[in-house]
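Okay, structure first, notes after.
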Amino acid sequence: MTESGVQAGDPPAVPQPVHYAQTWAADGDTRRRPPLVGDEREILTSYLEWHRATFELKCSGVPADRLSERSVPPSGLSLHGLIRHLAGVERWWFHIQFAGEAAPMLHYSDEDPDQDFGDLSGDPAQALALWREQCEHSRRIVAAAPSLDVTGTHAASGAPVSLRRVLVHLIAEYAQHNGHADLLRERIDGATGN
């Protein structure tokens, strides 16, 4: 018998799956880690929440006047523009296409499709509040859906689009823009992180 009480030749103990969402507390990071085990809906929504919280962290602590800086030339991206863009993405995918709400587009028109990034007039704090409202409304839409197989209507094709597909799309959208936000934030004040 070894010091650990295991007989020589016994198979190694298999770690049991952990089902949790741990909160980080270091440096003001209060994101909840996605669980290691869960059903498909729990995993997808947890990852989307992780990315939303990551994006909010990238914008936190930046003076309002610096949120609009286009700090990685020649790119026209700014944190303010990303806030506006992601508010529009939440509304477009969850509210308009999936839930079929007759809501106006945010920061977009056929004549000016890039106004989310191009027109940085207005208060970045109000843009952030609007983004939070859009996320909260999206959460209610997702919570009300009886399954991931429920469909809305994909605007470009008229074809059905499932909640599962919308969630995966939003995770990919946030992952891409969190990378952008990471670079922008580092150029603004040197802050880096997950």
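For D123, there are no salt bridge (charged side-chain N to carboxylate O under 4.0 Å, His left out) partners at least two apart in sequence or on another chain. For H80, the ring-ring contact (aromatic ring centres under 6.0 Å, His included) test picks out no residue, with sequence neighbours left out. Scanning for side-chain hydrogen bond (donor to acceptor under 3.5 Å, both in side chains) contacts around S71 gives an empty result, with sequence neighbours left out. Listed by chain and residue number, H95 satisfy the ring-ring contact (aromatic ring centres under 6.0 Å, His included) test with H137 (two or more places apart in sequence, or in another chain).
Applying the ring-ring contact (aromatic ring centres under 6.0 Å, His included) test to residues at least two apart or on different chains, the pairs with a partner in residues 97-119 are H85-F117.
To the nearest 0.5 angstrom, T153 atom OG1 is 12.5 Å from I96 atom CD1. How far CG of L184 is from CD of E186: 10.5 Å, rounded to the nearest 0.5 Å. For the atom pair L48 CG and C135 SG, the distance stands at 7.5 Å (nearest 0.5 Å). To the nearest 0.5 Å, the span separating CG on L79 from CG on L67 amounts to 5.5 Å. For the atom pair CG (L163) and CZ (R41), the distance works out to 6.0 Å, reported to the nearest 0.5 Å. Between the CD1 atom in I43 and the CD1 atom in I171 there is a gap of 10.0 Å [rounded to 0.5 Å].
No chain of hydrophobic side-chain contacts below 4.5 Å, direct or via other Ile, Leu, Val, Met, Phe, Trp or Tyr residues, connects I83 to W50. Under the 4.5 Å side-chain contact rule for hydrophobic residues, Y47 and V89 share a cluster.
Using a 4.5 Å heavy-atom threshold, the side chains of D116 and L106 count as separate. With a 4.5 Å cut-off on side-chain heavy atoms, W93 and H154 count as touching.
L120 shares a hydrophobic cluster with no other residue; no ILVMFWY side chain has heavy atoms under 4.5 Å from its own.
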Could you walk me through whether R91 and E101 pass salt bridge (charged side-chain N to carboxylate O under 4.0 Å, His left out), step by step? CA-CA 9 Å; R91 180 175 283 190; E101 296 174 0; over 6 Å; no
Salt bridge (charged side-chain N to carboxylate O under 4.0 Å, His left out) between E69 and R187, intermediate numbers included: CA-CA 10 Å; E69 280 185 24; R187 292 287 298 187; over 6 Å; no
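A side chain to side chain donor-acceptor pair (under 3.5 Å) with E90 holds for exactly one of R139, R52, R132, Q134; it is R52.
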